[in-house]
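These notes are about the structure you will find just below.
One-based numbering, in listed order, for ligands and for the atoms of each.
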Amino acid sequence: MNTKNSKMLFNRALRVMVGGVNSPVRAFKGVGGTPLFIERGKGSRIWDADGNKFTDFTCSWGAILLGHSHPEVIRASRNAINNGSSFGAPTLAELQLAEVISERVKTAEMVRLVNSGTEAAMTAIRLSRGYTNKKIIVKFEGNYHGHSDIVLSKAGSGLATLGMPSSAGVTEGCVSDTVTLKYNDVEAFESFIDENGSRVAAVIVEPIAGNMGVIPADTAFLSSLRKKCDQSSCVLIFDEVITGFRVSREGAQGLYGIYPDLSVFGKVIGGGFPIGAVAGRSDIMKHLAPEGPVYQAGTLAGNPVAAAAGLTVLSHLDNGFYKKLEEYGKNIENLIKSAARNNKIEITVNRVGSMFSPFFTASAIKNFNDVLNTKKELYPRFFWSLIKNGIYAPPSPYESYFFTSSHSELDAERFGHAINNAFEDLKNE
Ligand SMILES: Cc1ncc(COP(=O)(O)O)c(C=O)c1O
């Protein structure tokens, strides 16, 4: 495969962009080699700077749900931009987006739009502290809530990829009220809350973790979070930046039937443009400025182009849409399992709808420790084999695979073929 142009661009990028990228995982440190510069995308396909064509199973880390360059999303964002790209004043598009989120997600009584998932999670945490007048934030190992100081310890995603337990530049003071517990461990959580609940402002969780590969929370675990937060007057925050509108019309909360006080959204609701949202109980949300004492603001917040694109995506998401994604996902899961069986490779596939992860192990994967115990060292070879066979997979064993409604039967066939070749490569290693 010719990657001459990507290599040239990456070398050029290294001179002016730290690590050659604007977000760490893109640097391919998790798989080695040179990152591919992507030139364009259409539907399920992307093309790199050397003209290599791939079926995309990363989908902008889950932000793309209808496929790249969807004609209606392009039309809506073009129409919006023709009227101006930003005003820093209220617009109809942001109101409509807030209304749609609120209609779909019953806990989203009120919505505040921001510019990224990071900002949304940070705001939800500050709001919880302002609302409860308590300090401690409970989070879970391997969950990622963006890169704000408060949640940068034992997080998944790029930190896990780079093997960093935390980040330099985060003071002890910043994280002294952050407690990280084991994901899916009811006992550890309940005993912590029983002792410390009166000091806990919020419990923040990815209801389906997507930043250590896909790991769904057990229903019993989420139920315990709900019950204990109620008993101790802690705010329960679901970080649905990945799962919101991807796994059901009402996100992971709709799928599980367990409901948070606040939700954090991003990715899908911007149709590929920068966006984030905090949404939840109006008595809590009303503590945000200008109605309440918790400050939060944004020059580009509720941007009309992002809102128009997001609204268009959401307009496609009926129940039939998710049914199709589920059927497609089942097929993809079976393809992985049968290719693994044929090549005698031990694989566990975790999947919810259109997000999934193959783990190199025969054991069940329930938490970050389980992920660390898989044969992650096989991933780089597996990844490059997929790339050579025309599949663009996430360049880290700690990230999720995604697909869109534009992925076709032919794409599934290509995927099946590529995955079989990748396992064969591993077997012959
Ligand atoms: C669950 C979750 N929360 C928060 C974030 C941060 O969002 P952003 O990258 O838009 O700041 C991410 C990003 O991947 C995420 O997966």
- Item | Atom indices of ligand 1, in the order listed, that fall short of 4.0 Å to a heavy atom of Ser116 | 10 (O), 11 (O)

- Tell me: protein heavy atom nearest atom 3 (N) of ligand 1, and distance? Asp239 OD2, 2.7 Å

- Message: Please determine whether side chain to side chain contact (heavy atoms under 4.5 Å, CB included) holds for the pair Phe415 and Phe57, giving the CA-CA distance in whole Å, both sets of side-chain angles, and the decisive distance to 0.1 Å.
- Response: CA-CA 9 Å; Phe415 181 81; Phe57 277 88; 3.6 Å; yes

- Message: Under a 4.0 angstrom heavy-atom cut-off, which atoms of ligand 1 come close to Glu206?
- Response: 1 (C)

- Item | Salt bridge present between Lys227 and Glu190 (N-O < 4.0 angstrom) | yes

- Any N or O on Gly117 sitting closer than 3.5 Å to an N or O of ligand 1? yes

- Can a salt bridge be assigned to the pair Arg351 and Glu326 using a cut-off of 4.0 Å between side-chain N and carboxylate O? yes

- Might you point out which heavy atoms bring Ala209 and Asn143 nearest each other, and give the distance in Å? CB-ND2, 3.9 Å

- Could you say whether the N/O atoms of Lys267 and ligand 1 ever approach to under 3.5 Å? yes

- Please work out which of Gly62, Ser23, Ala209, Gly146 has its closest non-hydrogen atom nearest to atom 5 (C) of ligand 1. Gly146

- ligand 1 versus Tyr144, non-hydrogen atoms closer than 4.0 Å: side chain, backbone, both, neither? both

- Message: With no hydrogens and no angle check, just 3.5 Å: does a side-chain donor-acceptor pair link Asp411 and Ser44?
- Response: yes

- Message: Any carboxylate oxygen within less than 4.0 angstrom of a Lys/Arg side-chain nitrogen, looking at Lys134 and Asp177?
- Response: no

- Note on the structure: So for Asn143 against ligand 1, with non-hydrogen atoms under 4.0 Å, the contacting part is neither

- Note on the structure: A student checking ligand 1 against Ile242 at a 4.0 Å heavy-atom cut-off should list atoms 16 (O)

- Task: Establish, yes or no, whether a centroid distance under 6.0 Å links the rings of Tyr379 and Phe359.
- Result: no

- Item | Ser223 (side chain) donor-acceptor with Thr219 (main chain) under 3.5 angstrom | yes

- Go through ligand 1 atom by atom and flag the ones less than 4.0 Å from a non-hydrogen atom of Thr118. 6 (C), 7 (O), 8 (P), 11 (O)

- Task: Quick one: look up the protein heavy atom nearest atom 16 (O) of ligand 1 and list residue, atom name and how far away it is.
- Result: Asn211 ND2, 3.0 Å

- Note on the structure: Atoms of ligand 1 under 4.0 Å from any heavy atom of His145, numbered from 1 in the order shown, are 3 (N), 4 (C)

